[in-house]
Every structure is written in C-alpha cells, then in structure tokens.
Amino acid sequence: MENKQTPLIEMTGMNKYFTMGKEQLHVLKELDLTIYQGEFIMIMGKSGSGKTTLMNIIGFLDRANSGTYCFQGKNVSTLNENTKSSYRNRHLGFIFQQFFLIQSLNIRQNIELPCVYEGKKNRKEQRKLSESLLEVVGLASKKTAKVTELSGGQQQRVAIARALVNDPVLIMADEPTGALDTETSRDIMELLTDLNQKGKTIVMVTHDEDLKKYATRVIHMKDGRFETEEVISHDSKSYDNNLA
Ligand SMILES: Nc1ncnc2c1ncn2[C@@H]1O[C@H](COP(=O)(O)OP(=O)(O)OP(=O)(O)O)[C@@H](O)[C@H]1O
Ligand SMILES: [Mg+2]
C-alpha cells in the first residue's frame, strides 16, 4: 500500500527570514527534509522554534528565501502563486487547531467547499462525497447540523472530512488537538492514524509528547534547526493495545 521509497517531498538548504523593521530574523536555518509517502511525521519544538513557518512552506502558503523544494519530484520553488494555489487545493489537506469552519454553512456544505473551489464535480457528486466522508469521520447523523451545534471534537472531525475532500496525497495538521481535551484528542489521533494506515501521508505539529506514539517519525526543532529525529517502531499488536 505505502511506498517508503518514493519521496513525496524533498527540501534542501532551506532558509527563511522575516524582516522586522531593520532587523532580520533567521527563522529556518539550512533545513534539509525528505518526506516519504506513507509517513506520519510529527514536528515538535518550543514555541517560536519555526514549526508553523516550516508547515506554511511545505504547504505552499509561504516560500523560503533560499533552498530547493520538490513535491512529487517536481521543483515547486519557482511556481507562481496561481499554480501553487491549485497545487495546494488538489494535493494537500489542512487541519488547524481552531478548526476554521464557516458558521453560516452547515456541516455538509463546509465539507463540500474545497470541491466547489476545485470545480470538477457536479452537485450530486459533491453531495455523495461529503456524505461518504461524514461516514468516515463518524458524523453521518450531523450532515445538516450547524457548526455551533457540534462539540470541539466533532468540529475537528468535520475539518478532517473537509481536508480529505479532494483526496489529498498529504495532510498537514498544525496542532490539531491543541484545543481538545485528552480523550477527544485521542479520538482525533485514532482517526488520523487510520487515515495514515490507509495510505495518507501526514505531517503534524504538536507540543504533546504523549502523541508521539502515533507517529512513524518525530522531528525535534530548536531555533530553526532540526535537532534530533526519532523513528517510532510500531509493533502492530502492542500498538493496537495502546489504542484500546
Ligand atoms: N509573519 C511573520 N513575520 C515576522 N516574524 C514571524 C512571522 N511569522 C513567524 N515569525 C517569527 O518566526 C519565529 C517562528 O515562528 P513560528 O510561528 O514558526 O513558531 P512555532 O514553532 O510555530 O511556535 P508555536 O509553537 O508558538 O506555534 C518566531 O520568532 C516568530 O515570531
Ligand atoms: Mg506554530
């Protein structure tokens, strides 16, 4: 199912600076990063270490000042904004700490929104897809509910369904459990693990050491550099026990 040999992302010599008045802040320093298809990567590190900045670059929301970035073997460092947006919409799904659902739309409409932008499916196809994704995230009964009628954990499930709607190859999640209690976090992590086992590559940022067990690789950042890396081994039996 997963092919560990295919790099989905290859970044080399990446630097990012922010200019603050007269000062230049060197936020990402000479980063090299290769992400393989099928990985579940967690990025950890103190506040301000550069995690979100890195996620924004991986997710085509920002660009590095130097270095190369290849996505599925294609050099994307030089793509223009329109091409990058289209890449982002087609290949990536985003999940954030604050869910970012649209309150004036119901649950099903929130999930269909990226399809609407993509413009490839008719309404009937969109509806079928959003309903099947609601099944995947365990919220089939809430399809016409309002955003405000859902708990935080349920809202994050909707956000995950929305992230999946264009069948992305990569899911980017910046602190997806940051606003959730421990039990709800575990439910969300089990859902993400399930998606990973079905072949989705995931890059997630977290502060929570307890969540490391869900990853296949943990990268620790410090002051804009990668400090250490841990490969997490998953004995399938003990892993299932952990989740029980
Ligand atoms: N748009 C920006 N303009 C100027 N400085 C920025 C900008 N975005 C981030 N920074 C700075 O870059 C550094 C890294 O920020 P970043 O948001 O990547 O950290 P983080 O590791 O995600 O932190 P947290 O855990 O608090 O989310 C910080 O010093 C931050 O102030
Ligand atoms: Mg951050």
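Counting starts at 1 for both ligands and their atoms, in listed order. Scope of the values below: all heavy atoms of this structure, side chains included, with no hydrogens, waters or symmetry mates. All values reported here derive from a predicted model rather than from experimental measurement.
A distance of 8.0 Å separates CD1 of Ile107 from CD of Glu149, quoted to the nearest 0.5 Å. Taking NE2 from His26 and NZ from Lys29, the interatomic distance works out to 6.5 Å, rounded to the nearest 0.5 Å. Note: Thr216 OG1 to Glu39 CD = 5.0 Å, rounded to the nearest 0.5 Å. Going from atom CZ of Arg108 over to atom CD of Gln126 covers 11.0 Å, rounded to the nearest 0.5 Å. Leu79 CG to Phe60 CZ: the interatomic distance, rounded to the nearest 0.5 Å, is 7.0 Å. Here the CE atom belonging to Met221 is positioned 11.5 Å from the OG1 atom belonging to Thr228, to the nearest 0.5 angstrom.
For ligand 1, the 4.0 Å heavy-atom shell contains residues Phe18, Met20, Leu25, Val27, Lys46, Ser47, Gly48, Ser49, Gly50, Lys51, Thr52, Thr53, His207.
Between Tyr87 and Phe71, the angle of the ring planes goes over 60°, which puts this pair in the perpendicular group of the 30/60° scheme.
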Take Ser66 and Asn15 through the side chain to side chain donor-acceptor pair (under 3.5 Å) test and state the conclusion after the steps.
-> CA-CA 5 Å; Ser66 63; Asn15 287 283; 3.2 Å; yes

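The distance cut-off of 2.8 Å around the Mg ion (ligand 2) captures these protein N, O or S atoms, sorted by chain and number: Thr52 OG1.
For Lys142, the NZ atom is loosely surrounded, since the number of other residues' heavy atoms within 6.0 Å does not exceed 12.
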